[in-house]
Amino acid sequence: MELIAVAKDRQLTQEPEEELSSGDSLKLDLYFWLQALVMALVTLILLFTFVGRIIGVDGSSMYPTLHDRDMLLLQSVGYTPRQGDVVVLTKAFRDVDGPIVKRVIAVGGQTVDIDYAAGTVSVDGEVLDEPYINEAMLPPSYANQTHIEVPEGSIFVMGDNRNHSSDSRDVALGVIDERYVLGRAVCVLLPFQHFGLIPEGEQTA
């Protein structure tokens with residue numbers, strides 16, 4: 001009887017210890033999950049602050065490549081504009097004072113020729129293959145230039161929706177100093193139906 005009583009006493013004293021151990025384990029698991037979540041958030045914040053950023057598209061000048069209100073992930077730090085890239089600019093002109101999303105047609109040292117009759121854009125005498133444009137290009141309503149020599153440290157940009165885009169053809173904007181470039185649009189994050197990498201254009205250099 002004494003042995004049974006001792007066994008029962010031990011069982012009673014061990015049960016709370018098991019429950020406490022289980023509770024501590026749960027707390028420990030939650031602690032590690034919260035720690036991992038905080039680290040992930042800090043990493044994302046540092047990534048977007050020092051490496052890239054997120055920018056929204058305003059308007060349809062890059063349709064069909066990009067849509068109005070698409071959210072883009074940019075590569076910012078260490079980026080040098082290249083022909084064919086989709087970039088985001090900050091240069092204000094006319095009534096535009098927010099970020100501008102366009103495609104780099106030519107970089108410093110290249111020459112651009114635009115032939116509206118043929119509907120073509122040539123860089124250094126080579127006609128670009130542009131499957132990304134929305135429709136056949138027509139002369140714009142604004143004062144524009146058709147022969148452009150891009151100075152070093154600058155870029156010439158155009159929208160993929162040529163007939164609804166104010167870009168470097170517009171004498172009010174012209175070529176863009178690379179210092180106005182926020183970064184390259186790498187992919188569409190939102191909405192989910194548009195999610196994916198942004199294709200590059202043709203490079204002639």
Side-chain angles (χ1 to χ4, degrees), residues 48 52-76 79 81-107 110 112-123 126-146 148 150 154-178 180-204:
F48 292 137
R53 62 182 75 190
I54 297 176
I55 293 289
V57 176
D58 184 11
S60 60
S61 70
M62 281 299 293
Y63 181 83
T65 305
L66 301 173
H67 302 74
D68 186 32
R69 301 184 186 281
D70 278 354
M71 299 302 294
L72 311 177
L73 173 64
L74 302 189
Q75 173 195 351
S76 298
Y79 171 68
R82 298 186 313 156
Q83 186 183 24
D85 287 350
V86 174
V87 297
V88 178
L89 321 164
T90 57
K91 186 177 180 181
F93 78 106
R94 299 191 188 278
D95 59 346
V96 179
D97 59 2
I100 305 168
V101 186
K102 302 294 178 186
R103 187 179 297 275
V104 178
I105 301 301
V107 296
Q110 294 184 311
V112 180
D113 288 287
I114 301 171
D115 186 340
Y116 287 108
T120 60
V121 176
S122 300
V123 176
E126 183 177 337
V127 176
L128 297 180
D129 178 22
E130 301 187 288
Y132 44 77
I133 65 172
N134 185 43
E135 58 189 358
M137 181 175 57
L138 301 173
S141 57
Y142 50 77
N144 66 98
Q145 46 193 345
T146 57
I148 305 95
V150 185
S154 298
I155 57 176
F156 182 91
V157 300
M158 297 176 73
D160 290 355
N161 193 4
R162 297 283 159 81
N163 298 329
H164 301 277
S165 173
S166 292
D167 43 49
S168 287
R169 294 172 294 170
D170 190 336
V171 295
L173 181 62
V175 296
I176 311 292
D177 190 303
E178 289 183 2
Y180 286 108
V181 177
L182 287 178
R184 176 175 73 96
V186 178
C187 70
V188 178
L189 297 177
L190 296 171
F192 290 119
Q193 61 265 34
H194 298 161
F195 179 83
L197 295 175
I198 298 171
E200 297 177 353
E202 184 179 4
Q203 297 182 13
T204 60

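A donor-acceptor contact shorter than 3.5 Å is absent between the side chain of R169 and the backbone of S166. Between the E126 side chain and the V123 main chain, no donor and acceptor come within less than 3.5 Å of each other. The backbone N or O of G59 lies less than 3.5 Å from a partner atom in the side chain of D68, making a donor-acceptor pair. D170 places a side-chain N or O within 3.5 Å of a backbone atom of A172 that can act as its donor or acceptor partner. In this structure a side-chain-to-backbone donor-acceptor pair under 3.5 Å is present from N163 to A136.
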TODO: Please report the C-alpha distance between H164 and Y63 in whole Å, then the side-chain angles of each, then the deciding distance to 0.1 Å, and finally whether the side chain to side chain contact (heavy atoms under 4.5 Å, CB included) criterion is met.
DONE: CA-CA 9 Å; H164 301 277; Y63 181 83; over 6 Å; no

- [ ] Any chance you could lay out the side chain to side chain contact (heavy atoms under 4.5 Å, CB included) test for L197 and V186, step after step, and finish with the verdict?
- [x] CA-CA 6 Å; L197 295 175; V186 178; 4.3 Å; yes

Open item on the list: Go through it in stages, so that I can follow the logic: the residues are I100 and I176, the test is side chain to side chain contact (heavy atoms under 4.5 Å, CB included), and I'd like the CA-CA distance, side-chain angles, deciding distance and then a yes or no.
Closed with: CA-CA 11 Å; I100 305 168; I176 311 292; over 6 Å; no

Open item on the list: Set out, in order, the CA-CA distance, both residues' side-chain angles and the distance that settles side chain to side chain contact (heavy atoms under 4.5 Å, CB included) for I114 and R162, then state yes or no.
Closed with: CA-CA 12 Å; I114 301 171; R162 297 283 159 81; over 6 Å; no

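The minimum heavy-atom distance between A106 and V112, with the atom names listed, is CB-CG2, 3.4 Å. Taking every heavy atom of both residues into account, F195 and L189 meet most closely at CD1-O, 3.6 Å. What you find for Y116 and P140 is that their closest heavy atoms are OH-CD, 3.3 Å. Contact between L182 and R53 at its shortest, heavy atoms only, is CD2-NH1, 3.6 Å.
Not a single salt bridge (Lys or Arg N to Asp or Glu O under 4.0 Å) links D113 to another residue, sequence neighbours left out. Partners of D70 according to the salt bridge (Lys or Arg N to Asp or Glu O under 4.0 Å) rule, which considers only residues two or more places apart in sequence or in another chain, do not exist here. In this view, D115 satisfies the salt bridge (Lys or Arg N to Asp or Glu O under 4.0 Å) rule with no residue, not counting sequence neighbours.
Considering N161, V101, I198, V57 in turn, V101 is the only one that fulfils the side-chain contact (heavy atoms from CB on, under 4.5 Å) rule with M62.
Between R103 and E130, no side-chain nitrogen of the basic residue sits less than 4.0 Å from a carboxylate oxygen of the acidic one, so the salt-bridge criterion is not met.
Going from atom CG of D160 over to atom CD1 of I133 covers 8.5 Å, rounded to the nearest 0.5 Å. Going from atom OG of S60 over to atom CG of L66 covers 11.0 Å, rounded to the nearest 0.5 Å. Note that CG of L74 and CD1 of I55 are 5.5 Å apart. Values are rounded to the nearest 0.5 Å. Note that the OH atom of Y180 and the CG atom of L89 stand 10.5 Å from one another [nearest 0.5 Å]. Between the CZ atom of F93 and the CG atom of L173 there is a distance of 4.5 Å, given to the nearest 0.5 Å. To the nearest 0.5 Å, atom OG of residue S168 and atom CG of residue N144 are 12.0 Å apart.
The shortest distance between side-chain heavy atoms of H194 and R69 does not fall below 4.5 Å. Between M158 and S165, the closest side-chain pair of non-hydrogen atoms is not below 4.5 Å. Side-chain contact between I155 and E178 is present, with at least one heavy-atom pair separated by less than 4.5 Å. Residues V121 and M137 have side chains in contact (heavy-atom distance under 4.5 Å, counting atoms from C-beta outward).
More than 12 non-hydrogen atoms from other residues, nucleotides or ligands lie less than 6.0 angstrom from CG of D177.
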